[in-house]
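Quick notes on the structure that follows.
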Amino acid sequence: MATSQNIRDLEWALQTIKSEIMNFHSISIYNSESTSSCYQETENSITINISTTKENIPYFSQLLNTIAQDDLANKPLRNLEFHRLEWDQQQMEILCCLLDKNSNIKQLTFQGNKFDPECLTLFSRMLKGNEGIKELTFSECGIGFLGAELLASALKMNESVEELQIWEDSIGSRGAEELSKMIEANPNLKLLIILDSHPITVSPLVSAVLSRNRSMEVHIWSRDNRGERISKSVELTPENDTLRVYRIDSSGSRRLASALVWNSTIVKLDMTGVRLRSRWAKEFRGAIEHNRSLKHVNLSNTDLKDKSVVYIAAGLFKNCCLEELKLEGNRFGGIGIEHVLCPLSRFFAVQNQANVSLKCITFGGDKAKIGRYGFNAILRLVETNETVVQLGIHDDSSLKSDNMIRIFKSLEKNTTLKYLSLRGCNGIEGDFLLRTILETLEVNPWIEEIELTGTPMEKAGKTEAIYQKLGSNGRLELEQDSINDMEMAAPKTCRIFLCGQEFAVLLAGKTTLCNSIQQNFSSSKLPYIDMIRTLPNPIEQIIRTVGIKIRTFRHDDTKISVWDLDGQQGFHAFHDLIFPGHGSPSFFLIITSLFKKPDNGEKKSPSEIEEEILYWLRFIVSNTKRALSQTILPSISVVFTHFDKITEPIKNMSPYVNSIQRLRERFLGFVEFHPTVFTVDARSSGSVSKLSHHIRKTSNSVIQRVPQVYEVCNELTQILTDWKLTNHKPLMKWNEFSQLCQIKIPALRVQSRHNNLEKVEMKRQAVATSLHRLGDVIFFDELGILVLDCEWFCGEVLGRITMLENKRQASTEKNGFLSRQELEKILKESLRNHILRIGSKVFENLEATDLVKMMLKLELCYEQEPWNPDSLLLVPAILEENKGKLVKWQLSGQECSHIGRTLECDDSSHMFLTPGFFPRLQVHLHNKIFASIQQHSATYSLEKNQISITMNGIHIRVELGSQPGHSIDILACSTKNISEILKLFKHLIIPTIQGLCHGITLKETIIRSECVKELTPARYRKAQSMPVQQLKQALLSVPADSMYDYQHAWNSASEKGKVVLQSGFEFARNLLSDDEFREVLHRRCYDLYHLAAELEVPFENTQHPPPLAANETDRQVESSLTGIAQGVESILQRLRIIEREIKDLKLEIQGLRYYEHTLLAQLHRKLDYLLKFNIQVEERKVPNMFYFVQVENQSKRLVTRLISGMTMLRLHMLCEFRGEKHVVEDQMGCELTQVDNRVVQYVVPYISKFMKLLTFALKIGAHFAVGMGELIPDLSKEVAHLFDSSFIYGAAAMATGAIGATAIGQVGQIRNRGRSRSLEGGQRSWNAQQDVGLAQQWLIDFLKDQKISSGKEIADKFGLWRVRYTDDGRIAWVCQRHRVTRASEVIELPI
């Protein structure tokens, strides 16, 4: 009965599955040794037990057939599990048919099943094409390597299975290898779990996953060697990209290391506790070198020895991604530590740190012996590393307390380390170490945590103070003091610059004089033997030092340094670096010899002496003018050497003294000239004693007068000197300077890691800049370098760079271009130790690549293609002049426009463009042009003293002028119009040139177009140019209707009787741009507006001048009939625009002319009123219209304002012929010695009003209309220096170019003001009767005092004759020209 019940139960299961009453998601089939049964576990799952009795065996096949029926194939069955079943071929075929039909089955599990090879083959064949199964599990099925091989072959082609689990099936190494091949081919597998009795299965599977960069989760277990305990061997989790290796054999570890070489998925590798050997480390070196994803590696307790660590260290040299390396608990000692820390350290100044990615490193352990080598490596790491953030030394017993003290002392300079772990180190003990740690934390606020767990100091309870200090370093600080709050003090250093001309350097005795000065300062304070040591080496005296030689000595508390400037022209390009800036405590000694050749007694003439001194005076003024503001003038003293060879009486020195006096007067207001000229015998200490006393006195005086410096500068001067001597380094990097400030200078210290570091850096940079101005260092801000040994830098570095001109042959074939490698080779050759100068250590502190960067920053060279790292470099110093080369423009034809401008020094008598200016301009202009991405299409080439540029269709040449140092010529040729060319000049070329001329004013002049077209040599262009402002003034001096057609006359040029250029004419409109021409019109309009306001004449309404039409950009013309037609149409349209602009310009000129006539008529009436009024007074025995001119330095200034006490005035009179009043040529005039109160009372009211009218007339060019003659331009120069600035109108108009139009628009206001004035009358109008009467009475009295009363005397002094008009009987005083040419209109009335 029981059996019947069991069969019914199985029948129930079959019927239930067939009836579709329940939709099972999961069916589990078990092999039962007792009875068959089935039961429903959940609503969607059923468990069926089939007994092993003979009569129940068919039910398993029947059950499989039932599930595999077609009408049940689409039921929601998801999971099939088979437990402890033995499969035959028929049953496997049914199962495969079921799995083929039902793609909903996702999970298939075999636990404890038995398969024969045929069954496994059938299953493998089915699995290849199955598209439903996602999870496949075999557990204790004994499939062996054959089953693994069949599964692997199927899964290579299967695209649905994502999880594969094989438990306790002993697949072995062969099975593992086949599965690894499957992994390489199948990218869809996401989870692999293997438990095998052999640990050898680990390496092939994990290696395949790593080598193919599969994002797969892998868990592999294996039994130990005894087969007793199961433990995990490998765990790979893609969620955190971590590979954890617990147990692996030696060969497997090497295979794993090889797979990591090109892996890009693993970020963290943890092999803690795995025993590793040197052969593994050799393979792992490749992984460290090439892997770009691995960031964290933990090799703690892996039994690594020195040899293994050496391989790892070698890999770190090329690694650029690893961030964390843990090596604690291993067996390597000091040698291993030395190797592993080597790529993280620097061994000399210019070496780059090999590995900059590693941030955390930990080592140590009770088995490790750090020793002396390891300790030194740790010190070097702490002192030089700039990237490690976390350092751990654990459980060490070899380092003692003294070693720890040195480590913490070294940490004072470290600004990157944040976490220091010394857990379990026995050397952490003692009060002295505790104090050292606290002192380190005082100057190093960047350390955030120090772990001292398990140390003797922690056990003694003494670490609380350390943790408190760490906490205070992390507090939020209040705002630190700003730069302005830093304490100031008088400087304690002073520089003396010895200047001497190039050809006189070897003769002037500067070096000998410098030695005598030093001996004078040192003789009373140094023992004899020390004094001998300070004297120069005799061999050094024979070989001339290239660059600058510096001697330093002290006087009381002041450091005095004498800078012996190199007189070579080539070195002058570097004087910007060392010349004193604003407020620098320094002065100059100009040294010159009295003899051309002291040996034969040939003296220099006073003019030769004057020329030498003049050069250096102009050089000093030109360089010191670069300061933004000059609160004190440069102090200069002149020293004559070889005075001991003078045999003539002292009175014969007067010509030299007179020369010096002329220079003193000439440079008054530019320099402070010491009144005494020192004459010395440079070899005699006694002869130099007065000069030495002068140096002491002047140094103290200069220090007191110059602005104060930051007080810390005086402290840093000695600190930097000590640092240089201690470290034997002539320069320091910015980070070293910051470290020094952090340690030594509390005012420049970062107190908390939360401080505003930018403000602290600003203070340090301000101090470094101040030290640069004092001459203690040479500070390159952009390069981050401070040169401490200025003599070394100026002599061996800059001095050798200037000698690159000797290397021109290397660049001849490349038009001056060199590769970086070639330039570095040249620099290395130039900077090698020279004979007699052994011991130079340039390349221990400065690499050739650094020199190239310095040359680029100093604009001594430029890159041909700035965007290309392998670009060629051009050094202007090695360019040669192309003599005899035929020069011409690339463009030619009538349609080309030629325009040229010259920028020349406005005050060339006192300053000039220094010799290094143009080479720097060649580089600076290139950098300016190619800094813009849009200008990459421009071409740029150089020759000696010349720049050629092609940009936007405009060909430009920038050349050094005929007098080097005085001017720069800018020439251009283009098919574009003049305005477009000059726009490029104004916006790029001219501002770039002016930007390099700090303190020097450049005047712009126009070059004759024919000179530009024919590229006439520069020596002729000087005479074929005129200032831009002069041409504008000439336009303003003509009537408005003559402006457009005004032509400037050019004189001819000849050489040795041969005519080089014929005389000619050019329209002013072709020499000026449209904007400049309109500026002149607006200036005239502005002056007319103010004249209308003064004359109370209403201005009529007029339209604003039309805006300038923008020039269209050039268009590319297609090579087709349509394209040509479009190009022609574009040209015609452009011509119409130009024609319209010319028409509008002419209309604007005509409008100005109309208003000009109106105002001139009123002006004429005003001036005539002065003549007609009081005509009976003295019967017009004296002229009526007079003015004053002040004579000063051979120039005249028109006086419009008289002040009591003025001197050196001359009285002049105008020709009064009606309608043609003018200044009389060559009029002697009469001198007015001094202006007294009577002159002010009688003359001022008249002359102020008369001069105002006269000024307006001059400014609008009205003299041609009212007859003021040809001398007005001379008077116009005087108007430019008017005393009363209120009369100088038009400055704003010149700046904006549009204010004239604005003025015309204010018509209503002018008209209303004019009407109100006419209605008010009386008090607000000019009381002409009284003013003219007083002025005329003063004039009569003045002339009588000068004994000028007759007509002949007036004619002699003023060139005027008294006449009467025949038509109206009026009396006037006229010039000789009017007296003769208008004899029919006048009758002479002699007095």
Side-chain angles (χ1 to χ4, degrees), residues 2-53 56-87 91-115 119 123 126-127 130-141 158 160-169 190-191 193 195:
T3 304
S4 176
Q5 181 64 36
N6 289 340
I7 293 174
R8 191 167 52 248
D9 288 341
L10 291 177
E11 289 291 338
W12 176 84
L14 292 174
Q15 292 300 323
T16 301
I17 294 173
K18 287 181 179 180
S19 64
E20 302 183 13
I21 297 175
M22 296 182 182
N23 294 324
F24 293 116
H25 291 178
S26 176
I27 298 178
S28 299
I29 302 176
Y30 287 80
N31 184 4
S32 174
E33 295 180 358
S34 57
T35 59
S36 299
S37 65
C38 66
Y39 60 91
Q40 187 175 352
E41 291 185 354
T42 64
E43 182 180 356
N44 297 321
S45 64
I46 184 172
T47 299
I48 300 174
N49 294 314
I50 300 176
S51 68
T52 57
T53 58
N56 287 333
I57 291 177
Y59 279 98
F60 178 49
S61 299
Q62 186 177 359
L63 180 63
L64 290 176
N65 282 320
T66 301
I67 298 174
Q69 289 180 5
D70 293 338
D71 54 347
L72 299 178
N74 295 322
K75 283 194 173 184
L77 184 61
R78 299 286 182 270
N79 182 23
L80 278 178
E81 295 183 10
F82 302 96
H83 299 267
R84 300 188 301 276
L85 296 175
E86 186 175 350
W87 293 79
Q91 292 169 345
M92 181 56 69
E93 289 177 350
I94 297 174
L95 176 62
C96 292
C97 180
L98 165 65
L99 296 175
D100 285 336
K101 291 180 179 180
N102 194 337
S103 60
N104 293 326
I105 298 176
K106 305 298 180 185
Q107 184 175 347
L108 184 63
T109 302
F110 298 97
Q111 200 276 327
N113 287 249
K114 293 182 179 181
F115 303 96
C119 291
F123 184 81
M126 176 276 303
L127 190 60
N130 186 276
E131 298 179 356
I133 298 175
K134 298 291 184 182
E135 301 176 16
L136 181 60
T137 303
F138 288 87
S139 178
E140 301 177 4
C141 294
N158 183 279
S160 63
V161 175
E162 296 180 354
E163 296 183 11
L164 174 64
Q165 301 183 35
I166 302 177
W167 298 82
E168 288 283 1
D169 278 350
K190 303 300 180 185
L191 175 64
I193 300 177
L195 190 154

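For the numbers below, each heavy atom of this structure counts, side chains included, while hydrogens, waters and symmetry mates do not.
- By the side-chain hydrogen bond (donor to acceptor under 3.5 Å, both in side chains) test, Thr109 is found to be paired with no residue, residues two or more places apart in sequence or in another chain being considered.
- Under the side-chain hydrogen bond (donor to acceptor under 3.5 Å, both in side chains) criterion, Glu168 pairs with Arg223, sequence neighbours left out.
- In this structure the side chain of Asn113 never reaches within 4.5 angstrom of the side chain of Phe138, judged on heavy atoms.
- Shortest non-hydrogen contact noted between Gln165 and Leu191 is NE2-CD2, 4.5 Å.
- Here Leu98 contributes atom CG and Leu108 contributes atom CG; the two are 9.0 Å apart, rounded to the nearest 0.5 Å.
- Here the side chains of Trp167 and Gln111 are not in contact, with every heavy-atom distance at 4.5 Å or above.
- The OG atom of Ser61 sits 11.0 Å away from atom CG of Leu95, with the distance rounded to the nearest 0.5 Å.
- Shown here for Met126 and Asp100, the closest heavy-atom pair between the two residues is CG-OD1, 3.4 Å.
- No side-chain heavy atom of Asn31 sits less than 4.5 Å from a side-chain heavy atom of Phe60.
- Considering CD1 of Ile50 and CG of Leu85, their distance stands at 7.0 Å, rounded to 0.5 Å.
- In this structure Ser139 satisfies the side-chain hydrogen bond (donor to acceptor under 3.5 Å, both in side chains) test with no other residue, sequence neighbours excluded.
- Of the N and O atoms on the side chains of Ser160 and Asn158, at least one donor lies less than 3.5 Å from an acceptor on the other residue.
- To the nearest 0.5 Å, the span separating NE2 on His25 from NZ on Lys106 amounts to 13.0 Å.
- Remark: aromatic rings of Trp87 and Phe82 are close, center separation under 6.0 Å.
- Scanning both residues, Leu80 and Leu77, for their nearest heavy atoms gives CD2-CD2, 4.0 Å.
- What you find for Phe24 and Ile46 is that their closest heavy atoms are CE2-CB, 3.9 Å.
- Within the 4.5 Å cutoff, the side chain of Asn104 has heavy atoms near those of the Arg78 side chain.
- Aromatic ring pairs are classed by plane angle as parallel below 30°, tilted from 30° to 60° and perpendicular above 60°; the pair Phe110 and Phe115 is perpendicular.
- Judged by distance alone, the side chain of Glu93 and the main-chain N or O of Cys96 form no donor-acceptor pair under 3.5 Å.
- In terms of heavy atoms, Glu86 sits closest to Gln91 at O-OE1, 3.5 Å.
- Minimum heavy-atom separation, Gly112 to Cys141: N-SG, 3.8 Å.
- Going from atom CD of Gln107 over to atom OG1 of Thr137 covers 6.5 Å, rounded to the nearest 0.5 Å.
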